[in-house]
Every structure is written in C-alpha cells, then in structure tokens.
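Predicted model only: the values in this text are computed from it and were never measured. Order of the sequence lines fixes the chain letters, A, B, ..., with proteins taken first and strands second; residue numbering starts at 1 for each chain.
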Protein chains: 2
Amino acid sequence: MGRALAESGTSRIELRRAESRRAILDAAWRVAAESGLESLSLREIAGRVGMQAPSLYSYFPSKAAILDALFADGYHALDDHLAAVAAALPPKASARQRLADLLRAWIRFCQADPARYRLLFTSAVPGWQPSEEAYAASLENYRRLGEYLAHVGVTDPDDLDLCTALSAGLVAQQMSNDPDGDRWLRRVDDVVDMFLQHTASRARRSARSRQESR
Amino acid sequence: MGRALAESGTSRIELRRAESRRAILDAAWRVAAESGLESLSLREIAGRVGMQAPSLYSYFPSKAAILDALFADGYHALDDHLAAVAAALPPKASARQRLADLLRAWIRFCQADPARYRLLFTSAVPGWQPSEEAYAASLENYRRLGEYLAHVGVTDPDDLDLCTALSAGLVAQQMSNDPDGDRWLRRVDDVVDMFLQHTASRARRSARSRQESR
DNA sequence: GTCTATAGACGGATAGAC
DNA sequence: GTCTATCCGTCTATAGAC
C-alpha cells in the first residue's frame, strides 16, 4: 500500500489518474481487511473514496482488474518486506538464521493482513483467478526463493518443492488455527533445522553416489 | 458418500426421509465436484434429485445445514479411507512406512475430490463456517492423528503441531499447483524421514536434560 | 469523470395452493 | 411433501444525462 503504480506516465493528468487508482486500491485493501474478502464489492470500495460504484470503471475496466492490481500489489509488498528483513540480517548470519528469519517474516506478513493472505495464497475469490500479468509477480517471488536457497547451498529442485511445502504448511496452520498467535511461528526453528539437516544429508548421499559411479 | 445418516430412526417413514437426505447430499457432492463449490446452489442440487429448490427445505432447514452435513460426511469418509489404509498395512510395518502411507492416503483423498478438499480444509465457502456439531467430526479426526503419533512414539504436542503443518503444506502445494500429479506426493518419504529424525533427536535432547536436572 | 437509473443475473428463503 | 410464484437481497456492469 502506498506503493506508486508502475505503469503511470509522467504528465500531470496521468499522475492524477495514478493517484486515484492508488487511492482506490488502498480503499479496497481497507474494505477487504475490515469486511472480509468476500464482501469486497465495488459499491463499498467506491464508498471509501467518496464515489459511486460506476465511477470506478473510469479507472479499472472491471472488478477482476482491481483484484489483479491488488494481487500484484500484495506480492510487491511481500518482496519489499522480505528484502528489508534480508537486509537487516547480520552479514555473517548462518543459513539457519537467514532461513528462519525470512520464514518468520513471511508468516508475520500473512498475519498482518489475513485478507491479503487469502487473496495471494489461497484461491479464495469465487470466479476469479489472477491474470497472467498479475501472476508474474507470484512467479518472480518464487524465483527469488529459489535464488535464496541456492545462495545458502540448496540447489536441488526437489528441495525447493520441499521448502515451499514446509513454508505453506506453517503459514496455513498459523492462519487457520491461531491467526493472532505464534503456535506455528514457534516451530520455525524446528522446521529450518529439519530442512537443512535433510538437504545436507541428501547432498552427502548424492556426492557419494557420484563418487561411486566413477 | 453412500454412508447412512447416523441420526435416522428405524420407522419406515424415517427411513425414507434418511434416504432422501442421503440422495440430496450425494447430489450436492456431484454438483460441487462438477461445477465447483462456489456454484453449489439449492436450485442445482434440487435439479439433480428431480425436485424444485424449495422442496429441499423439507429435508434441511437451510443451505448452511446442507453444508454442515456435507462437512461431517466428508470427514467420515476421510476416517473410513484412512482406517482402511491403516488396516491394510503389514502388521510389522515401521513407523516410517506407516506414517508415509497414511500421509499419501490423505493426499490422494484430497486429490480424489478437490471440491471436498476445499470444503473440509480451506474455508472456501463465503459466509459459512461449520457448526459446532459438524466441527466435532474435524476434532475427532485430529484426535485420531494424535493417537496415531503416540502409537509410533511421538507424544510431544509441539511435534503434533509440526506434523499437522507438514501434512497441510504437502496437501496444499499438491492441490494448488499440481492437483492431478504427484509432485509433492513424491516428497512424502523425505518429509516423514525428516520428521521422525527430528522427533528422535528431540526425544534424546529432552531425555538428556531430564537426566541433567536430577 | 461523475452521476442517477437500471439492466440482468443469481442467490436463499417464504407463502400458500394442491 | 412438492409444487408455483414470488420476495428480497446481492452483485457487476452499462446507458445516458450533466
């Protein structure tokens, strides 16, 4: 939220338009957070920005377009959030600490706005799927996770899948069963330990098999 | 599906009623599977059993009551499915094999009916939450998982939470990203190995700390 | 660009005849 | 118990005046 819309031009009229679009998206986030993703209606969004529902069509061609913009917006917020946490890590932090901090940051990001979590990570809006362009933001995020794991020495694609499953599971349980607490957040260190131990022993196994096949 | 309704009496008239209720629920499962959980409307359910929508009110007091019945129904089907898999295990199967087979069975159960998965495990129906009675079926399932883990030597409540997160993560990734494939199903052995190794080392740690505190 | 008015569809639920 | 008819609400989206 508050992030400038990337596609806007520089003329004054286009600037105003981008500001209005931004205001509409911010209002939509507020509606979703307060009333739930289900009651995210054009009427209610418009009400928050002092408009009537049909006026929104001057800024977005459809409700799906608004949802697409929210989806991309949310993923960009996640990127920013994780980048900030990564930057704040001690330069010599261990892989264990890096992964655990990032995973905790991810969970907290979801807890900060359950409606956003549902929009980004569960397909919770009946009849809507992110467009291909919006989905690109999600893929970019996935790509970064892969880069990050490679950075701490995890390169096997199977391990990447494993990691997404571990993360998704912690987040899902936390959000479903203890949205304001830390019941699964507290399991992050366990999960990271398990995961790194597993990848290390897999690496040893495959190194051994490479050696044996000489 | 096809499971008799538990609350029916034995008189002929009550038997017919129970059969009609059963037919309505089966029709509802078919509608959900074919048209999606979102378009599970009373009109469409009624159409499948050759009725008009208002006639359903003779059998269920509201749409929510139908969803409650489906929810409980689905959990009972899960119980049956898992019990059958557990019964088919070799008597001397290892904890590793037992857990892995059960987890695979769970994932396959979800894959067999994505709409059922969404009803039971994601809160996918806008404006509906299972009633307390229906939710009891879910708690019973959770209780059984705890029993099962205790049976293979895992008794720490934190490990139970860990286990639910691992399962939920595998299922969620499989259903969201590869509903007809086995991309995360193939990771089950890895996950079970990780988990059992982790619980074993935790048990060793706490045994040591008990000993030290004497 | 913004409004009012309204189309057009779909939903759950109820009234009352049979 | 089942029907027809209907109420009343929701929603997205469009037409057309200003």
Side-chain angles (χ1 to χ4, degrees), chain A residues 5 8-9 11-25 27-28 31-32 34-71 115 119 124-131, chain B residues 5 8-9 11-25 27-28 31-32 34-71 115 119 124-131:
Chain A
L5 292 176
S8 60
S11 83
R12 284 198 300 282
I13 188 165
E14 281 175 343
L15 211 74
R16 299 265 332 151
R17 249 186 88 78
E19 280 170 12
S20 294
R21 282 173 59 101
R22 181 70 261 161
I24 290 168
L25 295 182
V31 172
E34 293 166 25
S35 316
L37 208 52
E38 293 76 20
S39 49
L40 187 67
S41 68
L42 297 184
R43 287 181 225 284
E44 207 170 338
I45 297 171
R48 299 292 179 107
V49 290
M51 284 181 178
Q52 295 297 318
S55 303
L56 299 181
Y57 286 87
S58 298
Y59 299 98
F60 294 94
S62 66
K63 184 185 183 182
I66 295 180
L67 292 169
D68 277 343
L70 290 174
F71 185 85
L119 179 68
V125 182
W128 175 79
Q129 293 284 112
S131 68
Chain B
L5 291 176
S8 59
S11 81
R12 282 198 303 282
I13 188 165
E14 282 175 344
L15 212 73
R16 299 258 341 146
R17 252 186 86 78
E19 280 170 13
S20 294
R21 282 173 59 101
R22 181 70 262 163
I24 289 167
L25 295 182
V31 172
E34 293 166 25
S35 316
L37 207 51
E38 293 76 19
S39 48
L40 187 68
S41 68
L42 297 184
R43 285 169 171 81
E44 205 169 342
I45 297 171
R48 299 290 179 108
V49 290
M51 283 181 177
Q52 294 298 318
S55 304
L56 298 181
Y57 286 88
S58 299
Y59 299 98
F60 295 94
S62 66
K63 184 186 182 181
I66 295 181
L67 291 169
D68 276 343
L70 290 174
F71 185 86
L119 178 69
V125 182
W128 175 78
Q129 294 283 112
S131 69

- Query: Which atom pair, heavy atoms only, marks the closest approach of A:L37 to A:A115?
  - Reply: CD2-O, 3.8 Å
- Task: Describe the nucleic acid contact of A:G127 in one word from base, sugar-phosphate, nothing, applying a heavy-atom distance below 4.0 Å.
- Result: nothing
- Query: Taking all atoms of both residues into account, what is the closest heavy-atom pair of A:A124 and A:P126, and its distance?
  - Reply: O-CD, 3.3 Å
Please set out all donor-acceptor pairs under 3.5 angstrom arising from side-chain atoms of residues 42-55 of chain A, sequence neighbours excluded.
residue : atom : partner : partner atom : Å
A:E44   : OE2  : A:S35   : OG           : 3.0
A:R48   : NH1  : A:E34   : OE1          : 3.2
A:R48   : NH2  : A:E34   : OE1          : 3.0
A:S55   : OG   : A:Q52   : O            : 3.4

- Nearest non-hydrogen partners of A:V31 and A:S39, listed with the distance: CG1-O, 3.9 Å
- Message: Expected output is a numbered-order residue list: members of residues 37-48 of chain B with a heavy atom under 4.0 Å from any atom of DNA chain C. What is it?
- Response: B:L40, B:S41, B:L42, B:R43
- For DNA chain D, which nucleotides open and close the run of contacts to chain B, 5' to 3', at under 4.0 angstrom from a non-hydrogen atom? D:dG1 to D:dA5
- Task: Measure from CD on B:Q52 to P on C:dG12 and round the result to the nearest Å.
- Result: 14 Å
- Query: Across the strands shown, which category fits A:Y59 at heavy-atom distances under 4.0 angstrom: base, sugar-phosphate, nothing?
  - Reply: sugar-phosphate
- Query: If you measure from CG on B:L119 to CG on B:L40, what distance do you get to the nearest 0.5 Å?
  - Reply: 8.5 Å
- Could you say whether B:K63 or A:S58 is positioned toward the 5' end of DNA chain C, judged by the nucleotide with the nearest heavy atom to each? A:S58
- Message: Just verifying a value: how many Å separate A:L67 CG and A:F60 CZ, rounded to the nearest 0.5 Å?
- Response: 10.0 Å
- Give the minimum heavy-atom separation between B:S20 and B:Y59, together with the two atoms involved. CB-CE2, 3.4 Å
- Rounded to whole Å, the CG-P distance (B:L56 to C:dG12) equals 10 Å
- Separation between OG of A:S62 and OH of A:Y57, rounded to the nearest 0.5 Å: 7.0 Å
